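What's counted below: heavy atoms across the whole structure, side chains too, no hydrogens, waters or symmetry copies. All of these numbers come straight from a predicted model, not from anything done at the bench.
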Amino acid sequence: MAAHLDNSQDIGIHARHVSNVSAVDSELNDEYGNPIWKNRVESWKDKKDKKSKKKKGAPKEEKVAQIPPEQQMTENHSPDAAEPLSTIIPLPPNKITPYRVVIIMRLIILALFFHYRVTNPVDSAYGLWLTSIICEIWFAFSWVLDQFPKWYPVNRTTFTDRLSARYEREGEPSELAAVDFFVSTVDPLKEPPLITANTVLSILAVDYPVDKVSCYVSDDGAAMLTFESLAETSEFARKWVPFCKKFSIEPRAPEFYFSQKIDYLKDKVQPSFVKERRAMKRDYEEFKVRMNALVAKAQKTPEDGWTMQDGTPWPGNNSRDHPGMIQVFLGHSGAYDIEGNELPRLVYVSREKRPGYPHHKKAGAENALVRVSAVLTNAPYILNLDCDHYVNNSQAIREAMCFLMDPQVGRGVCFVQFPQRFDGIDRSDRYANRNTVFFDVNMKGLDGIQGPVYVGTGCCFNRQALYGYGPHSMPSLSKASSSSCSWCGCCSCCCPSKKPSKDLSEAYRDTKREELDAAIFNLREIDNYDEYERSMLISQTSFEKTFGLSSVFIESTLMENGGVAESSNPSTLIKEAIHVISCGYEEKTAWGKEIGWIYGSITEDILTGFKMHCRGWRSIYCMPMRPAFKGSAPINLSDRLHQVLRWALGSVEIFLSRHCPLWYGFAGGRLKWLQRLAYINTIVYPFTSLPLVAYCTIPAICLLTGKFIIPTLSNLASALFLGLFMSIIVTSVLELRWSGVSIEDIWRNEQFWVIGGVSAHLFAVFQGFLKMLAGIDTNFTVTSKQAEDADFGELYMIKWTTLLIPPTTLLIVNMVGIVAGFSDALNKGYEAWGPLFGKVFFAFWVILHLYPFLKGLMGRQNRTPTIVVLWSVLLASVFSLVWVKINPFVTKVDSSALTQSCISIDC
């Protein structure tokens with residue numbers, strides 16, 4: 001074994017690390033992969049004891065984070081090696097300073113406003129006044145949670161030319177790190193195979209060394225349609241990939257490339273390109289015909305199930321009870337394009353499913369891909385995409401590597417998150433599908449603290465962070481933290497620095513890390529041992545309880561630079577890959593608890609990123625000029641609300657779990673306080689629906705009862721109200737100034753905040769409590785990934801859902817209230833018009849925010865489902881009649897006193 005270990009070599013610090021331990025160990029394992037390491041573990045313990053004795057005798061020296069010698073050698077080859085691969089561009093003071101000043105002023109005005117509101121109750125409508133006060137306090141709390149994580153926004157720029165100069169020297173093999181792409185799909189009838197095929201083709205054609213790219217497609221529905229469509233895609237890739245690289249086209253998803261309305265002849269393009277482009281377009285149209293034929297064939301399932309070409313039944317005929325399946329389409333043999341060049345790997349994966357075993361939906365599928373890719377390719381970085389998100393910028397991977405492969409930055413980075421951009425959305429973005437405010441404002445703010453949150457797609461991970469290890473840079477970070485802010489992690493320009501009372505490295509050793517470090521051994525400990533001693537670290541009593549019963553996979557977790565054994569038998573690796581996706585593999589392990597994608601919420605992305613930040617990692621927000629990835633969004637009103645309902649329900653589940661940011665992750669002090677505020681905001685925002693529904697109902701109640709929530713205004717009160725409204729407007733204007741978003745984007749975001757709050761968020765709160773308290777689970781359907789026609793036909797479709805009832809009811813109630821208010825003012829005369837305008841203003845505020853919902857409800861033909869109208873009119877009528885009848889906010893008059901006063905009148 002030692003002889004085999006001596007032959008292992010490093011091609012570079014970021015190149016694939018070649019290890020023969022796995023190949024040798026595979027001969028010493030039983031058929032289930034259980035290692036026989038009893039003697040090796042004992043010998044390792046002896047060596048560890050000797051080392052600890054030597055350390056006790058040696059004088060203590062200050063720990064300094066050293067760059068590995070391989071990395072130093074790599075950096076000294078060229079002058080560009082010493083230059084950073086990325087840089088932070090803080091916002092200029094003339095933009096950020098006024099923004100911060102206005103935020104502080106708004107806080108002061110809010111304090112004075114609430115002092116006035118609390119000290120001036122409305123006795124004639126005490127219930128309405130108290131309700132409004134509670135709602136306004138909650139809105140102020142929500143604003144604080146949303147506003148202060150945007151205190152230190154930053155921009156970043158990358159230098160891909162320096163990356164190439166450092167790791168791609170002429171005449172030498174490329175030393176760029178390998179990347180494993182994950183693409184997840186479930187139902188090919190709702191997620192069209194043609195969309196998935198375009199995503200896969202854009203990955204295979206990225207501008208990156210082909211031997212460094214592997215694409216894994218997870219078919220969690222075990223559909224033969226997905227399998228056959230990937231077979232067609234792999235064949236078409238042999239023509240498409242060389243065409244893309246020969247002419248450097250963008251984007252490299254054929255459906256979206258050919259749909260561009262560009263005149264290719266105006267720039268005098270060579271005739272050879274025009275000829276080849278026309279031929280490629282014909283090939284793609286033929287490819288689409290074959291794909292559509294497969295889809296048409298799959299519409300009706302045969303009684304005996306599907307049958308493969310060799311006559312054997314398709315193993316996934318029962319999508320809930322089938323064995324694990326892996327098929328290597330490209331990368332095993334004959335993986336060359338029509339010009340004889342090597343193609344990236346393409347692997348189909350469908351994990352085993354059996355009744356009685358939990359599968360954890362998308363998070364479980366992603367964890368299965370983590371293990372399969374570790375066994376087959378083991379790239380040090382992982383980039384996951386939804387099946388409808390294609391690579392729009394072929395340089396996107398290089399952009400991410402500028403952060404992850406930078407020796408000064410990458411050692412503490414867990415993932416690089418790209419913003420989500422979408423195709424096929426109407427120009428006005430009626431339902432705020434682009435989420436521009438979140439991706440261009442909030443995420444920039446988080447990037448200045450500890451990094452953006454993980455949003456589920458378009459994210460490049462450090463594989464070691466997914467394994468639950470802590471970051472390399474913790475010793476150096478602890479020293480640097482003396483000059484950085486414990487709230488946001490930025491420099492002292494944000495707030496004054498404080499000297500730590502105790503060295504953080506000592507605090508780290510003393511703090512219990514059971515929950516925050518899932519792996520048995522931290523990476524910093526493992527780095528102290530050579531390769532032979534690393535192999536001894538693997539033991540049945542430690543690593544198998546964390547990672548599962550697979551020696552090959554366990555060994556891959558210790559290979560910081562990735563790679564598999566050169567002498568590995570492909571058939572053996574496939575068997576091991578099948579083993580790690582078995583349905584019982586994760587039993588009694590840390591999968592989904594401390595490592596991989598975290599279980600416990602349908603929004604597994606928030607949980608996964610939160611756990612990494614709690615361990616001390618930071619993330620990076622990368623916004624290249626050309627969007628890295630583009631996807632499709634549900635522009636239909638009903639589908640959009642169901643999508644928002646799913647996100648909100650996931651946040652409620654996290655709030656009710658042990659991973660709630662309100663109390664989780666305080667032990668190590670790794671999570672910055674402003675970062676914690678941002679995570680708290682992501683889990684409490686659905687609860688804003690309760691005061692929001694009440695607040696949107698108050699204007700109608702005031703109009704129907706003649707009461708108001710505000711007493712007669714004095715000069716001071718008028719100044720406070722004016723100051724509050726002005727501070728809100730100025731804050732938005734200054735955000736526009738430094739973020740670059742438009743007024744329309746902010747207004748659409750504000751409108752859909754109200755629409756989603758009074759519908760999807762409200763249902764999410766009740767469904768979340770039902771799920772946690774009564775165990776009633778909610779099943780979600782996958783939203784459609786494409787529109788019916790090119791003219792936004794789906795935008796005007798209306799589908800019945802109970803989510804439509806609350807906002808429709810609010811609209812009708814406020815409209816009825818406005819009519820009643822004007823009628824009452826006409827009856828009472830001139831004096832009633834003054835108070836009326838304040839009430840009508842708030843009612844119009846509600847209707848204006850719900851206007852996109854009303855527009856979508858009416859549809860193109862101004863038709864609304866009858867059941868929606870019936871329920872809404874019924875509820876609004878009952879509500880109005882009850883309030884008019886009860887009139888609870890009118891002071892009750894004693895009948896005896898009234899009679900006495902009537903008697904005393906002199907007729």
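Taking the six-membered ring where tryptophan is involved, the planes of Phe182 and Trp597 are tilted, since the angle between them lies from 30° to 60°. Note on ring orientation: taking the six-membered ring where Trp is involved, the planes of Trp747 and His849 are perpendicular (angle over 60°, cut-offs 30° and 60°).
Of all non-hydrogen atoms in Leu703 and Gly817, the two that sit nearest each other are CB-O, 3.1 Å. In plain terms, the two heavy atoms of Leu803 and Ser759 that are nearest each other are O-CB, 3.3 Å. Counting all heavy atoms, side chain and backbone alike, Phe114 lies closest to Ala140 at CE1-CB, 3.6 Å. Considering every non-hydrogen atom in both Gly600 and Leu607, the closest pair reads C-CD1, 4.3 Å. Here the closest heavy-atom approach between residue Pro471 and residue Gly412 is recorded as CB-CA, 4.1 Å. Contact detail for Leu662 and Phe666: the closest heavy-atom pair is O-CE1, 3.3 Å.
With ring centers used as reference points, His360 lies under 6.0 Å from Tyr599. Separation of the Tyr126 and Trp129 ring centroids falls under the 6.0 Å cut-off. Aromatic rings from Phe113 and Phe721 are positioned such that their centres are separated by under 6.0 Å. Taking the six-membered ring where the residue is Trp, the centroids of Phe139 and Tyr695 are separated by under 6.0 Å. Ring centers of Phe752 and Phe853: at least 6.0 Å apart, outside the cut-off.
Rounding to the nearest 0.5 Å places SG of Cys696 at 6.0 Å from CG of Leu810. Of the inter-residue distances, the one linking Thr457 atom OG1 with Leu385 atom CG reads 4.5 Å to the nearest 0.5 angstrom. Rounding to the nearest 0.5 Å gives a distance of 4.5 Å between CE of Met443 and CZ of Phe438. Residue Leu446 holds its CG atom at 5.5 Å from CD of Gln675, rounded to the nearest 0.5 Å. Interatomic distance, Trp138 CH2 to Glu136 CD, rounded to the nearest 0.5 Å: 15.0 Å. We find the CG-CZ distance between Leu637 and Arg430 to be 8.5 Å, quoted to the nearest 0.5 Å.
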Test side-chain contact (heavy atoms from CB on, under 4.5 Å) applied to Leu641 and Ile755, step by step
CA-CA 9 Å; Leu641 289 178; Ile755 295 171; 4.2 Å; yes
Working note: Phe687 + Phe655, criterion ring-ring contact (aromatic ring centres under 6.0 Å, His included); need CA distance, chi angles, decisive distance, verdict.
CA-CA 10 Å; Phe687 296 96; Phe655 177 81; 4.8 Å; yes
Could you please spell out the steps behind the side-chain contact (heavy atoms from CB on, under 4.5 Å) verdict for Ser689 and Val758?
CA-CA 6 Å; Ser689 60; Val758 300; over 6 Å; no
Please assess Ile103 against Trp143 for the test side-chain contact (heavy atoms from CB on, under 4.5 Å), listing each intermediate value before the final yes or no.
CA-CA 10 Å; Ile103 292 174; Trp143 172 76; 4.2 Å; yes
Could you go step by step and tell me if Leu91 and Val154 meet the side-chain contact (heavy atoms from CB on, under 4.5 Å) rule?
CA-CA 6 Å; Leu91 296 182; Val154 297; over 6 Å; no
Candidate pair Asp440 and Arg421, rule salt bridge (Lys or Arg N to Asp or Glu O under 4.0 Å), full reasoning
CA-CA 11 Å; Asp440 290 6; Arg421 303 301 186 208; 2.9 Å; yes
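The closest side-chain heavy-atom distance from Ser727 to Leu724 is below 4.5 Å. In this structure, Leu383 and Cys459 have side chains that are not in contact, with every pair of non-hydrogen atoms separated by 4.5 Å or more. Side chains of Ser428 and Glu744 form a contact here, defined as non-hydrogen atoms less than 4.5 Å apart. When side chains are defined from C-beta on, Met612 does not count as touching Asn462, because their heavy atoms never get closer than 4.5 Å. Contact check for Thr436 versus Asn749: no side-chain heavy atoms found under the 4.5 Å cut-off. Side-chain contact check for Tyr469 versus Ile595: every heavy-atom pair is 4.5 Å or farther apart. Phe629 has its side chain out of reach of Gln420: every pair of non-hydrogen atoms, C-beta onward, lies at least 4.5 Å apart. Contact check for Phe415 versus Cys460: no side-chain heavy atoms found under the 4.5 Å cut-off.
Around atom CD1 of Ile104, more than 12 heavy atoms belonging to other residues, nucleotides or ligands sit under 6.0 Å away.
Side-chain N/O atoms of Ser132 and Arg117 include a donor and acceptor closer than 3.5 Å. Using a 3.5 Å distance cut-off with no hydrogens or angles, the side chains of His613 and Ser619 do pair a donor with an acceptor. With no hydrogens or angles considered, a side-chain donor-acceptor pair links Lys611 and Tyr664 at under 3.5 Å. Thr608 and Asp605 are not linked by any side-chain donor-acceptor pair at a separation below 3.5 angstrom, with hydrogens and angles left out of the test. Side-chain contact annotation: Gln643 with Arg646, donor-acceptor N/O pair under 3.5 Å absent. A donor-acceptor pair shorter than 3.5 Å can be found between the side chains of Ser632 and Asp388. Under the 3.5 Å distance criterion, with hydrogens and angles disregarded, a donor-acceptor pair is assigned to the side chains of Asp146 and Asn442.
The one candidate from Tyr679, Trp617, Tyr454 that meets the ring-ring contact (aromatic ring centres under 6.0 Å, His included) condition with Phe610 is Tyr679.
Using modelled atom types, no side-chain atom of Asp447 and backbone atom of Gly451 make a donor-acceptor pair closer than 3.5 Å. Between the side chain of Ser601 and the backbone N or O of Glu604, no donor-acceptor pair lies under 3.5 Å. One N or O on the side chain of Gln450 and one on the backbone of Lys672 form a donor-acceptor pair closer than 3.5 Å. Checking side-chain atoms of Arg748 against main-chain N and O of Tyr431 turns up no donor-acceptor pair under 3.5 Å. Between the side chain of Gln417 and the backbone N or O of Val455, at least one donor-acceptor pair lies under 3.5 Å. Of the possible polar contacts, one joining the Asn384 side chain to the Gly456 backbone as a donor-acceptor pair under 3.5 Å is found. The backbone N or O of Pro852 lies less than 3.5 Å from no partner atom in the side chain of Gln751, so there is not a single donor-acceptor pair. Formation of a donor-acceptor pair under 3.5 Å by the Arg676 side chain with backbone atoms of Gly665 is found in this model.
Classification of Lys150 and Glu735 as a salt-bridged pair holds, one side-chain N sitting under 4.0 Å from a carboxylate O. Ionic pairing of Arg658 and Glu594 is present here: one or more N-O contacts between side-chain nitrogen and carboxylate oxygen are shorter than 4.0 angstrom.
With sequence neighbours excluded, no residue satisfies ring-ring contact (aromatic ring centres under 6.0 Å, His included) with Tyr851.
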